[in-house]
Trainee: 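Before I ask anything, here is the structure I am working with.
In what follows, chains carry the letters A, B, and so on, assigned in the order in which the sequence lines appear, proteins first and then strands, with residues in each chain numbered from 1.
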Amino acid sequence: MQDQGLDGQDSAILIETPTERGHGDLTSSFALKAARAARMAPRQLADRLKEWWPAVPAVAEVEVAGPGFVNFTLNTRWLAEVVNQVRIAPARYGESQVGAGRRVLLEFVSSNPTGPLVVVSGRAAAVGDSLARIMQAAGFSVDREFYVNDAGNQIATLGHALRLRLWQRSGRDVLTDWPDGVYPGDYVKAVAARFAAEHPERAPQTLTEADDGWLGQYAAESLRAEHEQVLARFGVTFDRWFSERSLREERLPEQIVERLAARGFIEERDGAKWFRSTAFGDDKDRVMVKSDGTYTYFVPDAAYHAGKFDRGYDWVIDLLGPDHHGYVRRLRAVVEALGYPPDSLDVMIVQLIRLLRGGEIVRMSKRGGNFVALEDLMDEAGVDATRYFFVERAPETPMDFDLDLAQMKSADNPVYYIQYAGARIHSLLRQWRASEPAEAPLNLDVLNHPAERALLVTLARFPDVVARAAGERAPQLLPRYLTDLAGEYHAFYRQHRILEAEPAVRQARLALSEAVLAVLTRGLACLGISQPEQM
RNA sequence: GCGCCCGUAGCUCAGUGGAUAGAGCGCUUGACUACGAAUCAAGAGGCCACAGGUUCAAGUCCUGUCGGGCGCACCA
């Protein structure tokens, strides 16, 4: 490098997986990038590079192609070692230490406890949970947290709704004059039924507006517990359910305003206290204490986020709904104003889902009481398919969810394609074990057909895919990878006999199949999706 | 008006500044007396919304235009 005047170019050496077959197993465009600095034609530089390339046993061949690409072909025998690596610890293959134990707090879902979980919460749940699993595999230390908005006006309003439903149970007509803005959804009836069973001593007739506060807290806790249950069924659990009410009881909102004031970012104007978020690129300052002396909803949130850093997390990731994106700038401003590293806060906006049924858009509105609950979706499509669909696309792009398609238990449904490959291998191994197997010594060198080689390369890529998905917070890379792996196995399977092959080849192909099954199972587990033994 | 997301095959979408832009579905044609045909193989199908710019190289980066989705508060 130095000989060629290429000091400081080291970081430009990037080895990547080629986009096309026939370009080697690995490729680098280094010569093209560095040609200018080397004052040499790219091809010439690539040729020199090839000459200097040390004799790495893993590399069988180095080839210069096109305008100056350097393509590497890996030694097949070396490559086949991946099968042994997987088999040594099938459940742990793919793990890495790129996270270096960095403490990550992942907050997601955080739905208001004023109604059932809707589908967009399901998307956040699937994305957040998968990301947590992926990051853990990549060596991060991840905590999952659900922030419960169990305080504020909405809780009193929820209490109001509960009171009306209790009145209704005692025969009173509440429907003809249902107040605007009070949650009209039927789910409050179920809460009322539970309340009546638990508190027979509270006659509904005696309840008044003065009771809405504690009724609301009862209802909020009831609905939160329901969220917890539904999410558990969805395969998602949290390390902590962080209550906004407890945060208020500890007077953290007051403290955050004081801390910001001490740093000179609070200003009084028009009888209100404003946070000078414009100092950090926000387009306007934000009210924290209203002119009537109460806090805006932003204050507890600011306190909550500052608290995350106070609790010692190195990296704070929020998954927020699309209705919060105007909110990101000011949250970041708080973090920066308090002197925490602004890069340590990452906010992902999980974009909206449009549900299609029979080609028509299903309109959802919590206020109108007309929505599709996550639970209904799980009943219709199953947990595996629902999770797969939610994680298949980049979280930050809006998606259409075709209810008819997700319900289809057919080849149209991509999750079955992956699971089918695994089920095939299970079946194969069952038959092998049932056949009084005659073991042959394992010699992986015989795995040299193109279909086998393709599988070896793909298996070897798995740890990198997991690491990249974690670093880029891109869980959608896994479904794509698993589809590739399953596809390559299906192709291999149609092309080659396994049990009927000669003993040495049979043994190697069985080992390869076991490794593929292990990675499919592990990869699906990263997404919270099962690998059935039979379908 | 401002901000965010998105315009790529008939449809749904991949694409890390690099080679001839890919996959699934749908369509056409083939493959089981065969370890699971929920599979495989082959084919047709593209002004990468448009216009400029940066670069040896742009679907990818920058600017603008057009089209679609969502959001703007001393509400939560």
Trainee: Please verify the inter-ring angle class for A:Phe275 with A:Phe265; under 30° counts as parallel, over 60° as perpendicular, anything in between as tilted.
Mentor: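 The rings of A:Phe275 and A:Phe265 stand perpendicular, inter-plane angle above 60°.
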
Trainee: Just checking A:Trp274: base, sugar-phosphate only, or nothing, at a heavy-atom cut-off of under 4.0 Å?
Mentor: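 Counting heavy atoms under 4.0 Å across all strands, the contact made by A:Trp274 includes a base.
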
Trainee: Between B:U60 and B:U8, how many Å separate the two P atoms, rounded to a whole number?
Mentor: 13 Å

Trainee: Mind checking the C1' distance from B:U20 to B:C48? Whole angstroms is fine.
Mentor: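 15 Å, rounded to whole Å.
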
Trainee: Hey, does A:His496 have a side-chain heavy atom less than 4.5 Å from the side chain of A:Val505?
Mentor: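 No - every pair of side-chain heavy atoms lies 4.5 Å or more apart.
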
Trainee: Where the side chain of A:Thr397 is concerned, which of B:C13, B:C6, B:A41 is the nearest nucleotide?
Mentor: B:C6

Trainee: Rounded to whole Å, how long is the line connecting atom CD1 of A:Ile353 with atom P of B:U12?
Mentor: 17 Å

Trainee: Report the distance from atom CG of A:Asp283 to atom P of B:G3, rounded to the nearest whole Å.
Mentor: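 To the nearest whole Å, that distance equals 9 Å.
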
Trainee: Under 4.0 Å from OP1 or OP2 of B:A73: is there any side-chain N or O of A:Lys290 that close?
Mentor: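 So the side-chain polar atoms of A:Lys290 never come under 4.0 Å of the phosphate oxygens OP1 or OP2 of B:A73.
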
Trainee: Hey, do the aromatic rings of A:Tyr420 and A:Tyr417 have their centres closer than 6.0 Å?
Mentor: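 No, they do not, as the ring centres are separated by 6.0 Å or more.
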
Trainee: So, does A:Lys284 get its side chain near the phosphate of B:C74, meaning an N or O under 4.0 Å from OP1 or OP2?
Mentor: no

Trainee: Is it the case that the base of B:A14 and the side chain of A:Asp484 share a donor-acceptor contact (distance under 3.5 Å, atom types as modelled)?
Mentor: no

Trainee: Does A:His305 have any side-chain hydrogen bond (donor to acceptor under 3.5 Å, both in side chains) partners at least two apart in sequence or in another chain, and if so, which?
Mentor: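 With neighbours one apart ignored, the set is A:Lys308, A:Asp318.
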
Trainee: For the C1' atoms, the ones on B:G43 and on B:C4, what distance do you get once it is rounded to whole angstrom?
Mentor: 42 Å

Trainee: Between P on B:A73 and CZ on A:Arg329, what's the gap in Å once rounded to a whole number?
Mentor: 14 Å

Trainee: Say we look at B:A41 and B:G26: how far apart would their P atoms be, to the nearest angstrom?
Mentor: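 These two P atoms come out 16 Å apart once rounded.
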
Trainee: Pick out which of A:Phe108, A:Tyr304, A:Trp241, A:Phe242 makes a ring-ring contact (aromatic ring centres under 6.0 Å, His included) with A:Phe146.
Mentor: A:Trp241

Trainee: A:Ser427 and A:Gln431: side-chain hydrogen bond (donor to acceptor under 3.5 Å, both in side chains), yes or no, with the steps?
Mentor: CA-CA 6 Å; A:Ser427 168; A:Gln431 288 176 60; 3.3 Å; yes

Trainee: Count the heavy atoms belonging to other residues, nucleotides or ligands that lie under 6.0 Å from CD of A:Glu209, then report whether that count exceeds 12.
Mentor: no

Trainee: Answer yes if the side chains of A:Gln419 and A:Tyr388 hold a donor-acceptor pair under 3.5 Å, and no otherwise.
Mentor: no

Trainee: I'd like a table of atom pairs between the protein and nucleotides 35-37 of chain B - only N or O on both sides, under 3.5 Å - with the distance next to each one.
Mentor:
residue: B:C35; atom: O3'; partner: A:Gln431; partner atom: OE1; Å: 3.3
residue: B:C35; atom: O3'; partner: A:Gln431; partner atom: NE2; Å: 3.0
residue: B:C35; atom: O2'; partner: A:Gln431; partner atom: OE1; Å: 3.0
residue: B:C35; atom: O2'; partner: A:Gln431; partner atom: NE2; Å: 2.5
residue: B:C35; atom: O2; partner: A:Leu499; partner atom: N; Å: 3.0
residue: B:C35; atom: N3; partner: A:Ile498; partner atom: N; Å: 3.0
residue: B:C35; atom: N4; partner: A:His496; partner atom: O; Å: 2.5
residue: B:C35; atom: N4; partner: A:Arg497; partner atom: NH2; Å: 3.4
residue: B:G36; atom: OP1; partner: A:Ser427; partner atom: OG; Å: 2.9
residue: B:G36; atom: OP1; partner: A:Gln431; partner atom: NE2; Å: 2.5
residue: B:G36; atom: OP2; partner: A:Gln431; partner atom: NE2; Å: 3.2
residue: B:G36; atom: O2'; partner: A:Tyr420; partner atom: OH; Å: 2.8
residue: B:G36; atom: O2'; partner: A:Arg424; partner atom: NE; Å: 2.7
residue: B:G36; atom: N7; partner: A:Ser427; partner atom: OG; Å: 3.2
residue: B:G36; atom: O6; partner: A:Met535; partner atom: N; Å: 3.4
residue: B:A37; atom: OP2; partner: A:Arg424; partner atom: NH2; Å: 2.3
residue: B:A37; atom: N7; partner: A:Arg494; partner atom: NH2; Å: 3.2

Trainee: Assess the side chains of A:Tyr481 and A:Thr458: does a donor N or O sit below 3.5 Å from an acceptor N or O?
Mentor: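 Short answer, no.
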
Trainee: Side chain of A:Tyr297 only, heavy atoms from C-beta on: which candidate in B:A76, B:C74, B:A73 is closest?
Mentor: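 For the A:Tyr297 side chain, the nearest candidate turns out to be B:A76.
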
Trainee: Tell me: CZ of A:Arg286 to P of B:G3, nearest whole Å?
Mentor: 14 Å

Trainee: Measure from the side-chain heavy atoms of A:Asn153 and tell me the nearest of B:A76, B:C70, B:U39.
Mentor: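 Of the options given, the side chain of A:Asn153 lies nearest B:A76.
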
Trainee: A:Ala65 side chain: which of B:C75, B:C5, B:A19 is closest?
Mentor: B:A19

Trainee: Does any part of the side chain of A:Phe492, heavy atoms only, come nearer than 4.5 Å to the side chain of A:Ile498, both counted from C-beta?
Mentor: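 Heavy-atom side-chain distance check passes, below 4.5 Å.
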
Trainee: Which whole number of Å gives the distance between the P atom of B:C72 and that of B:A14?
Mentor: 26 Å

Trainee: Treat a base pair as Watson-Crick or G-U wobble with both distances under 3.5 Å, then lay out RNA chain B in dot-bracket form, 5' to 3', with | for cross-strand pairs.
Mentor: (((((((..((((....[...)))).(((((.......))))).....(((((..]....))))))))))))....

Trainee: Which part of the nucleic acid does A:Arg468 contact within heavy-atom distance under 4.0 Å: base, sugar-phosphate only, or nothing?
Mentor: base

Trainee: Less than 3.5 Å apart, any donor N or O on the side chain of A:Gln154 or A:Asn149 sitting next to an acceptor on the other?
Mentor: no

Trainee: For atom P, what is the distance between B:C61 and B:C25, given to the nearest Å?
Mentor: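 So the two P atoms sit 29 Å from each other.
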
Trainee: Contact class for A:Asp270 vs. all strands (heavy atom < 4.0 Å): base, sugar-phosphate, or nothing?
Mentor: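 Base, at least one base heavy atom under 4.0 Å.
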
Trainee: Taking the side chain of A:Arg393 as heavy atoms from C-beta outward, which of B:A14, B:U12, B:C74 is closest to it?
Mentor: B:U12

Trainee: Tell me: CZ of A:Phe390 to P of B:C13, nearest whole Å?
Mentor: 14 Å

Trainee: For A:Asp150, which contact category applies under a 4.0 Å heavy-atom criterion: base, sugar-phosphate, or nothing?
Mentor: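 Contact class for A:Asp150: none.
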
Trainee: Both A:Tyr295 and A:Ala394 contact RNA chain B. Taking the nearest nucleotide for each, which residue is further toward the 5' end?
Mentor: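 Upstream on the strand: A:Ala394.
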
Trainee: From B:C40, B:A38, B:C5, pick the nucleotide closest to the side chain of A:Tyr416?
Mentor: B:A38

Trainee: Say we look at B:A21 and B:G15: how far apart would their C1' atoms be, to the nearest angstrom?
Mentor: 8 Å

Trainee: Let me know the distance between CG of A:Asp400 and C1' of B:G7, rounded to the nearest Å.
Mentor: 14 Å

Trainee: How close or far is atom C1' of B:C40 from atom CD of A:Glu488, stated in whole angstroms?
Mentor: 14 Å

Trainee: Measuring only the P atom in each nucleotide, how far is B:U65 from B:C47? A whole number of Å is fine.
Mentor: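 Roughly 26 Å separates the two P atoms.
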
Trainee: What integer distance in Å separates A:Glu472:CD from B:U16:P?
Mentor: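 For the pair A:Glu472 CD and B:U16 P, the rounded distance is 9 Å.
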
Trainee: More 5' along RNA chain B: A:Tyr327 or A:Leu477, using each one's nearest nucleotide?
Mentor: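 Between the two, 5'-proximity favours A:Leu477.
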
Trainee: Looking only at N and O atoms, is any donor in the side chain of A:Thr483 or the base of B:A23 less than 3.5 Å from an acceptor on the other one?
Mentor: no

Trainee: Just checking A:Arg329: does its CZ atom have more than 12 heavy atoms from other residues, nucleotides or ligands closer to it than 6.0 angstrom?
Mentor: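 No, the 6.0 Å shell around CZ holds no more than 12 heavy atoms from other groups.
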
